[in-house]
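Quick caveat, the model's predicted, so the values are computed rather than measured.
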Amino acid sequence: MTVTLPDGSPLELESGATGADAAAAIGPGLAKAALAIRVGGETRDLGAPLGDGEEIEIVTAKSDGALDLIRHDAAHVMATAVCELYPGTRVSIGPPIDGGFYYDFEFPEGVTVSDADLEAIEKRMAEHIAADEEFERTDIPVAEALERFREEGQPYKVELIEDLVANERVETVSLYRNGPFTDLCRGPHAPSTGRIKAVKLNSLAGAYWRGDETRQMLTRIYGTAFFSKQDLAEHIERIEQAKARDHRRLGPQLDLFMFRDESPGMPFWLPQGTVLLDLIEAEVRKQLDKHGYVRVDTPQILDEELWHRSGHYDNYRENMFFTQPAERARDEHARRFAVRPMNCPGACLVFDNGRHSYRELPLRLAEFGRVSRYEREGVLHGLLRVRAFTQDDAHVYCTREQAPDEVIAIVEAIDELYSRFGFDQVDVELSTRPEKSIGSDEEWEEAEAMLRSALERLGREYRVNPGDGAFYGPKIDFHVTDALGRSWQLGTCQLDFFMPERFDLTYQGADNQDHRPLMIHRALLGSMERFAGILIEHYGGRFPDWLAPTQAAILPVADRHAEAAEAMLAELAALGVRARVDARSESVGKKIRDAELSKVPYMLVVGDRELDAGGAAVRSHEDGDLGVLDAGAIAARLSSAG
RNA sequence: GCCGGAGUAGCUCAGCUGGCAGAGCGCGUGUCUUGUAAACACGAGGUCACGGGUUCGAUCCCCGUCUCCGGCUCCA
């Protein structure tokens, strides 16, 4: 028979030949390097038989997806080690994931495994890898497999097989054996465990069986595997780098913000961080002005009744803080209040003030609105998941005809704003009706169609997230990719027919009749604080000149230069430069070092020579020595960079 | 909320099998008057997260609570 290689050339093989035979026929080097075979894009075991006329490709360490293959192998090896060390362990699933693999186990009653035990598991894995055990596939009938796993006391495997039968009507399943361990597995696998050249177990975590909160909590062990020790070392190095730019570390280090036990999940912004927030806000305001928004400011505490009207009480109560005045705390008939988790009801009350003509629409009400949400313990994460934050929120009231143009304008504002902060890749997601929601199917369909058509008019590619919309309407979410390649959700644009209904909002049309406006909820950055956290990580705390909370550190050489340094500070401040003076009795070297560590982009040394020249010796972190410049030249350099 | 881990000076961390609490940095004071990534000396700083228990005696062992870290679930 004949198969075709990737370069189009034919390869003659005896009928019944396998992937391994094909690799051997091409050359002994390839035979040794071969891990699997790809047939028409589908990866299979090297031992799988080939068919006449198939297009094949030998998978080696260099192929796409090869890492996933050995990481999957490594997951099996880990399960092997774990089952040996903890007899009676029930195994579940162990797939490769981005950057590594995991396997979920249920340990026998009374056994707890902790990070300290990972070393022993790793050691046992190393023995199986050194033994270079083969991965051996067998296909057996479902009935036989069920019996086998029932006998072995592996209920998770039994459940998986039962689901395969129910969902995919399979009649046989495949088993893979390596050494003493046999697992239900679709494959494919490399020929043997020795192909894993470097493996490391990272961490331990609880994980619900099948991701379901109501089901058994399993113990997940995370690890990673590579084709060389060096690749592993580089991977560890990358993780270290990500740690170094973690905003939770940089925030306190650079005096940007802090957290305190007195208010878990609610950041305290320090003077330096507040400057950063103000700078971010200024950029948002530019977009507001450009796109015809007016700003409002509404209360954070509102009557509980309002939240019943808006639907939040029914759909969002678990995440809300409630509050009442002390003297009424015990009076069950007293008015009850809630701290707002969203700004929209307040905006609706603003719209409800007075009568509106169709000529006023679209009415774009923007608010930097502080919201508070009760997030469950265990989900808080630095600035990225908090209990109180400021949304760069806005609610656009418009007619149905106006809505598509409004959505398009919002997408454009988002693109402009993100690129200002160095994010050029923006991914768009459309989320549709969730289970817990209000309104009719027809209205949801109309709203979803409206969002789709706006995206299509923009020629934007987007992904659909079924069931992920807000309870009052479908939404478009905007994601950016940061300097480390991680994706973050920022902005959102949500269409809402229902809130105007619930608040009985109307405008007077050209026909002199009352009409219901449509409402668009939108945020460009989402949470100001979260965005600041993302920016800290994106730039690793080393902000561009225009965004640095402190742009220049003025460093007097000796105590006698302090006065000149203060004069320079005043001059720069007048020119809009954010500078500070380091007047400590320390050496210049020390002051430079401290300024560098606090990631100040410019250091201005003021000594006898500079006094004569009427300026400061400028040292830039980026470009080094810039010579002596006066305040005007320094300010010009900073503003041109912005 | 769930699983695993952690909490010692402002920060980073050491502290053996239970026996009076330690370092570096930072901070304060003094000396030096500093020239492009760390001058020197001295000093102050602690309810060892909090509450209970075991013990002659607890930072250390046990129980509970709070917070943080890695995940799971959740993220409207």
Task: Nucleotide opposite B:rG57 in a Watson-Crick or G-U pair, distances under 3.5 Å - done: none

TODO: Determine the Euclidean distance between corresponding C1' atoms of B:rA39 and B:rC32; express it in Å to zero decimal places.
DONE: 8 Å

Open item on the list: If you assign each of A:Gly211 and A:Arg560 to its closest nucleotide in RNA chain B, which residue comes earlier from the 5' end?
Closed with: A:Arg560

Open item on the list: Any donor-acceptor pair under 3.5 Å linking the side-chain atoms of A:Gln489 with those of A:Asp477?
Closed with: yes

Task: Complement of B:rC13, any strand, by Watson-Crick or G-U distances under 3.5 angstrom - done: B:rG22

Task: Phosphate contact (B:rC72 OP1 or OP2) by A:Arg210 side-chain N/O below 4.0 Å - done: no

Task: Rounded distance in Å between the P positions of B:rC27 and B:rG10 - done: 14 Å

Task: Side chains of A:Ser92 and A:Glu106, donor plus acceptor under 3.5 Å - done: no

Open item on the list: Return whichever of A:Thr112 or A:Tyr374 has its heavy-atom-nearest nucleotide of RNA chain B closer to the 5' end.
Closed with: A:Tyr374

TODO: Taking atom types as modelled, find out whether A:Asn343 and A:His395 have a side-chain donor-acceptor pair closer than 3.5 angstrom.
DONE: no

Task: Integer-rounded Å distance: B:rG30 C1' and A:Asp559 CG - done: 13 Å

Task: For atom CZ of A:Arg387 and atom C1' of B:rC74, their distance in whole Å - done: 13 Å

- [ ] Quick one: look up who B:rC48 pairs with, Watson-Crick or G-U, both distances under 3.5 Å, and put none if it's unpaired.
- [x] none

